[in-house]
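Before any comments, here is the structure.
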Amino acid sequence: MPPKKTTRSSAKSNKHTDADVQHNKESDDVAQLKTGKRKRSAAVKNDVEKNKNDDACKASYNHWLMKSEPESRIENGVDVKFGIEDLKALPNQTGCWDGVRNYQARNFMRDMKVGQQAFFYHSNCKEPGIAGLMKIVKEAYVDHTQFDKKDVHYDPSSKADNPKWSMVDVQFERMTKRFISLAELKKYHLQHKAKGGPLKDMALFTRARLSVQPLTAEEFDFVLSLENEDPI
């Protein structure tokens, strides 16, 4: 997201911990060795399957939804407001999408490719929803705000030789023909969840806290089609 006056609010980081599983056995050394081999073999197989699934998921995501705050909010003395009109006002209608401080959202940005489209989503405001379209014009690179002590997104734990956070550059494409509200999208989500439909698993509702979310082509096309329909 664009620097300084166009700084976005940060997302809270998700911390993941792995549970330690301990087994108490009363068996001889040979039995333990055989059991260990079976468990290691199963673990390797599970890891391979997981990697295949992760790769498949990445390959299926070519569209995105990216959240930002269109209304003024002061954080550490800085106004974090950045709406779609702010993006339009930048030179070449292009800016860096900085300030993301959630690992999963960061990883999604690292998956983005030049030319892919994203919905510009207004969040943390009176009426959240999709305001317009933008495209990725520069793939992930180091987010400079993590090293700026004066920036609201400064991260003292991130080091220059091993930076934690990335950003992409986005360019305004157009406003949607009408504002597509969160309330309307939720109605479709609930309908599709009950009866089947493209928005049944939409990340906006299944991973709501993420500020950067993936969309399948089916989800993106359906949401975009709503601009030509009356709100429900």
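Remember, predicted model here, so these are calculated numbers, not experimental data.
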Side chains of [X] and [Y]: donor-acceptor distance under 3.5 Å anywhere?
{"X": "Gln213", "Y": "Trp64", "value": "no"}
{"X": "Ser72", "Y": "Asp79", "value": "yes"}
{"X": "Ser166", "Y": "Arg110", "value": "yes"}

Is the shortest distance from a Lys or Arg side-chain nitrogen in [X] or [Y] to a carboxylate oxygen in the other one below 4.0 Å?
{"X": "Arg101", "Y": "Asp143", "value": "yes"}
{"X": "Lys200", "Y": "Glu218", "value": "no"}
{"X": "Lys81", "Y": "Glu75", "value": "no"}
{"X": "Glu85", "Y": "Lys88", "value": "yes"}

Side chains of [X] and [Y] in contact at under 4.5 Å (non-hydrogen atoms):
{"X": "Leu215", "Y": "Phe119", "result": "yes"}
{"X": "Gln117", "Y": "Glu173", "result": "yes"}
{"X": "Val168", "Y": "Met66", "result": "yes"}
{"X": "Met112", "Y": "Val212", "result": "yes"}
{"X": "Val223", "Y": "Leu185", "result": "yes"}
{"X": "Val142", "Y": "Phe147", "result": "yes"}
{"X": "Phe120", "Y": "Leu65", "result": "no"}
{"X": "Tyr121", "Y": "Leu204", "result": "yes"}

Value rounded to 0.5 Å, distance of [atom1] in [X] from [atom2] in [Y]:
{"X": "Asn107", "Y": "Asn102", "atom1": "CG", "atom2": "CG", "value": "8.5 Å"}
{"X": "Lys159", "Y": "Gln146", "atom1": "NZ", "atom2": "CD", "value": "11.0 Å"}
{"X": "Glu227", "Y": "Thr176", "atom1": "CD", "atom2": "OG1", "value": "6.0 Å"}
{"X": "Lys67", "Y": "Ser211", "atom1": "NZ", "atom2": "OG", "value": "7.5 Å"}
{"X": "Asn124", "Y": "His122", "atom1": "CG", "atom2": "NE2", "value": "12.0 Å"}

Sidechain-backbone polar pair: [X] side chain, [Y] backbone, donor-acceptor under 3.5 Å:
{"X": "Gln171", "Y": "Asn92", "value": "yes"}
{"X": "His189", "Y": "Leu199", "value": "yes"}
{"X": "Lys135", "Y": "Val114", "value": "no"}
{"X": "Asp151", "Y": "Asp148", "value": "no"}
{"X": "Arg178", "Y": "Glu229", "value": "yes"}
{"X": "Ser68", "Y": "Phe82", "value": "yes"}
{"X": "Glu71", "Y": "Lys126", "value": "yes"}

On a heavy-atom basis, which atom in [X] and which in [Y] lie closest, and how many Å separate them?
{"X": "Thr145", "Y": "Gly99", "value": "OG1-N, 4.0 Å"}
{"X": "Glu184", "Y": "Pro231", "value": "OE2-CA, 3.6 Å"}
{"X": "Leu87", "Y": "Gly95", "value": "CD1-N, 3.9 Å"}
{"X": "Pro70", "Y": "Ser123", "value": "CD-O, 3.4 Å"}
{"X": "Pro214", "Y": "Ala203", "value": "O-CB, 4.0 Å"}
{"X": "Ile130", "Y": "Phe179", "value": "O-CD1, 3.4 Å"}

Would the Tyr188 and Phe222 ring centres measure less than 6.0 Å apart?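 Tyr188 vs Phe222: aromatic centres under 6.0 Å.
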Is there a path from [X] to [Y] through hydrophobic residues (I, L, V, M, F, W, Y) whose side chains come within less than 4.5 Å of each other?
{"X": "Leu182", "Y": "Leu224", "answer": "yes"}
{"X": "Leu210", "Y": "Val100", "answer": "yes"}
{"X": "Ile180", "Y": "Ile232", "answer": "yes"}
{"X": "Met134", "Y": "Val137", "answer": "no"}

Mutual orientation of the aromatic rings belonging to Phe220 and His63 [parallel < 30°, tilted 30-60°, perpendicular > 60°]: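 Aromatic pair Phe220/His63 classed parallel.
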Apply ring pair (Phe, Tyr, Trp, His ring centres under 6.0 Å) to Tyr103 and Trp165, showing your working. CA-CA 8 Å; Tyr103 287 109; Trp165 308 111; 4.7 Å; yes
More than 12 non-hydrogen atoms from neighbouring residues, nucleotides or ligands closer than 6.0 Å to NZ on Lys164, yes or no?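 Yes, NZ of Lys164 has more than 12 neighbouring heavy atoms, counting only those of other groups under 6.0 Å.
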Using the six-membered ring of Tyr154, assess whether NZ or CZ of Lys150 lies under 6.0 Å from its centre and within 45 degrees of the ring axis. no
